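Only one structure is covered here, and it is reproduced in the block below.
The structure presented is a predicted model; accordingly, all values stated were derived computationally and were not measured. Below, chains carry the letters A, B, ... as their sequence lines are ordered, and counting in each starts from 1.
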Amino acid sequence: MVGRVMERVCLTHPRTARRNRSPAEVGRRLAGREVVNVGRHGKLLLIGLGDGQTMVAHLGMSGRFSVCAAGADRAPHTHFVAALDDGAEVRFIDPRTFGFVAVRDESEPDPAFSRLGPDAWLEAPEPPALVRALAGRVAPLKALLLDQRIIAGLGNIYADEAMHRAGIHPLRPGGRLSEAEARRLLDATSAVLEQAIDSGGTTLGDLAYLLPDGRAGENFARLKVYGREGEPCLSCGVPVERTAVRARSTYFCPVCQT
DNA sequence: ACCTCCCTGGCC
DNA sequence: GGCCAGGGAGGT
């Protein structure tokens, strides 16, 4: 993708372009730009365009990117299409429109983009730093793991998986995590993400998430607790339980996680 | 620091 | 026909 030029860019849905003034503005500012580098911070995809410009995208709940031939059939809910100079098209498909595609200039920083904590995969904190970040917090650890200002990149599935792997209960007050537990949690986070990445990500039954070539990720079969309410814990055999934290389903083993 | 809302497909 | 899924913003 690096070195490709987005010759024509078309956005149609106002919600997909909501981080800028209009779909037309995003299209206009991206058209003709070359992809200089591709990065990521937490759940934000960062496409460097040079000259202080960055294309920023978030998949939200149901968004996915597709890279295909320019003439290929267009899936429903295709809200962004960029025609590249090699004949391919990059498309953003997002039924629920929780995702977005934006363009920003470094000279006009958006506060919403600058509050992210360290990336969970690329720059995970050391245990003492995590303990400090959680000090005094009484909110359940699960809620704090979903707070992108503390650690960026964990969503509902991987937060549950990491806490299970670390043997820590999701309702534990965040401030009551020892340094040893913080180390276990960070090691677990790293292992859970590595496995998910190696597996191509977690495609659920709704097929909302797919790889850019259309294949499904294989990580669903490797989940230990998420979506397994009532099924035996793979470590101890006790039924996995489900509760709600901040209106998010939270799966855990009542025996393995303390 | 918490609650509500946004949005659609799939499912009961 | 109504409910559920959930990342993040905004309001209280």
Side-chain angles (χ1 to χ4, degrees), chain A residues 11-21 23 40-46 56-66 74-80 91-102 104 109-121 133-163 170-176 189 192-193 196 201-210 214 216-217 219-220 223 225-230 240-252:
Chain A
L11 283 82
T12 46
H13 204 297
R15 254 179 74 79
T16 299
R18 67 188 179 277
R19 293 299 190 104
N20 293 96
R21 284 180 202 84
R40 180 190 59 73
H41 188 149
K43 301 173 186 177
L44 293 181
L45 307 179
L46 304 169
V56 183
H58 192 304
L59 303 183
M61 274 301 300
S62 57
R64 64 185 172 95
F65 276 96
S66 165
R74 201 169 281 195
H77 311 290
T78 298
H79 301 315
F80 166 97
R91 303 175 181 178
F92 182 64
I93 300 148
D94 185 14
R96 282 178 241 180
T97 67
F98 278 39
F100 61 81
V101 176
R104 61 183 289 234
D110 180 336
F113 288 143
S114 56
R115 291 179 193 153
L116 290 181
D119 184 82
W121 175 245
L134 298 177
R137 303 292 297 261
V138 294
L141 181 61
K142 167 66 180 283
L144 299 171
L145 285 182
L146 294 180
D147 184 341
Q148 305 295 299
R149 295 169 299 186
I150 298 175
I151 295 178
L154 294 181
N156 205 38
I157 296 174
Y158 300 136
D160 281 4
E161 293 295 310
M163 285 184 291
L171 300 183
R172 177 94 69 89
R176 250 191 271 140
T189 298
V192 161
L193 290 178
T202 304
T203 297
L204 302 177
D206 61 5
L207 300 184
Y209 164 75
L210 297 171
N219 197 56
F220 180 70
L223 299 179
V225 284
Y226 182 86
R228 298 192 64 248
E229 181 183 17
V240 169
E241 293 186 8
R242 176 164 79 141
T243 185
V245 176
R246 304 280 194 274
R248 299 292 177 263
S249 288
T250 298
Y251 299 88
F252 65 100

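- Separating the NE2 atom of A/H41 from the P atom of C/dG8 is a distance of 12 Å, rounded to the nearest angstrom.
- Going from atom CG of A/L141 over to atom CG of A/L171 covers 9.5 Å, rounded to the nearest 0.5 Å.
- In terms of heavy atoms, A/Y226 sits closest to A/N156 at CE1-ND2, 3.8 Å.
- Distance alone, capped at 3.5 Å, places no donor-acceptor pair between the A/H79 side chain and the A/L11 backbone.
- In summary, the side chains of A/T202 and A/Y158 do present a donor paired with an acceptor at a separation below 3.5 Å, with no hydrogens or angles considered.
- As rounded to whole Å, 15 Å separates atom C1' of B/dA1 from atom CG of A/L134.
- Atom CD1 in A/I157 sits roughly 8 Å away from atom P in C/dG6 (whole-Å rounding).
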N/O to N/O distances under 3.5 Å, protein versus nucleotides 4-11 of chain B:
| unit_1 | atom_1 | unit_2 | atom_2 | d |
| --- | --- | --- | --- | --- |
| B/dG9 | OP1 | A/H77 | NE2 | 2.7 |

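- When heavy atoms are screened at a 4.0 angstrom cut-off, A/S249 is found touching the sugar-phosphate backbone but no base atom.
- Following rounding to the nearest Å, A/R242 (CZ) and C/dG6 (P) show an atom-to-atom distance of 8 Å.
- Atoms CG (A/L146) and P (B/dA1) sit 15 Å apart, rounded to a whole Å.
- Residue contacts for A/R19: at a heavy-atom cut-off of 4.0 Å it reaches the sugar-phosphate backbone alone, with no base atom in range.
- Put simply, CG on A/D147 is 15 Å from P on B/dC3, counting in whole angstrom units.
- Within the 4.0 Å cut-off from OP1 or OP2 of C/dG8, at least one side-chain nitrogen or oxygen of A/Q148 is found.
- Between the CZ atom of A/F100 and the P atom of C/dG8 there is a distance of 8 Å, given to the nearest Å.
- Here the two rings, on A/H58 and A/F100, have centers that are under 6.0 Å apart.
- As judged by a 4.0 angstrom heavy-atom cut-off over every strand, A/Y226 is placed among residues touching the sugar-phosphate backbone only.
- Taking atom CG of A/L116 as the reference point, atom P of C/dA9 lies 9 Å away to the nearest angstrom.
- Nucleic acid contact class of A/R115 (heavy atoms, under 4.0 Å, all strands): none.
- Shown here for A/V240 and A/V225, the closest heavy-atom pair between the two residues is CG1-O, 3.9 Å.
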Only pairs under 3.5 Å count here: list side-chain donor-acceptor contacts from residues 244-252 of chain A, not counting sequence neighbours, and write none if there are none.
| unit_1 | atom_1 | unit_2 | atom_2 | d |
| --- | --- | --- | --- | --- |
| A/S249 | OG | A/R242 | NH1 | 3.0 |
| A/T250 | OG1 | A/K142 | NZ | 2.8 |
| A/T250 | OG1 | A/R248 | O | 3.2 |

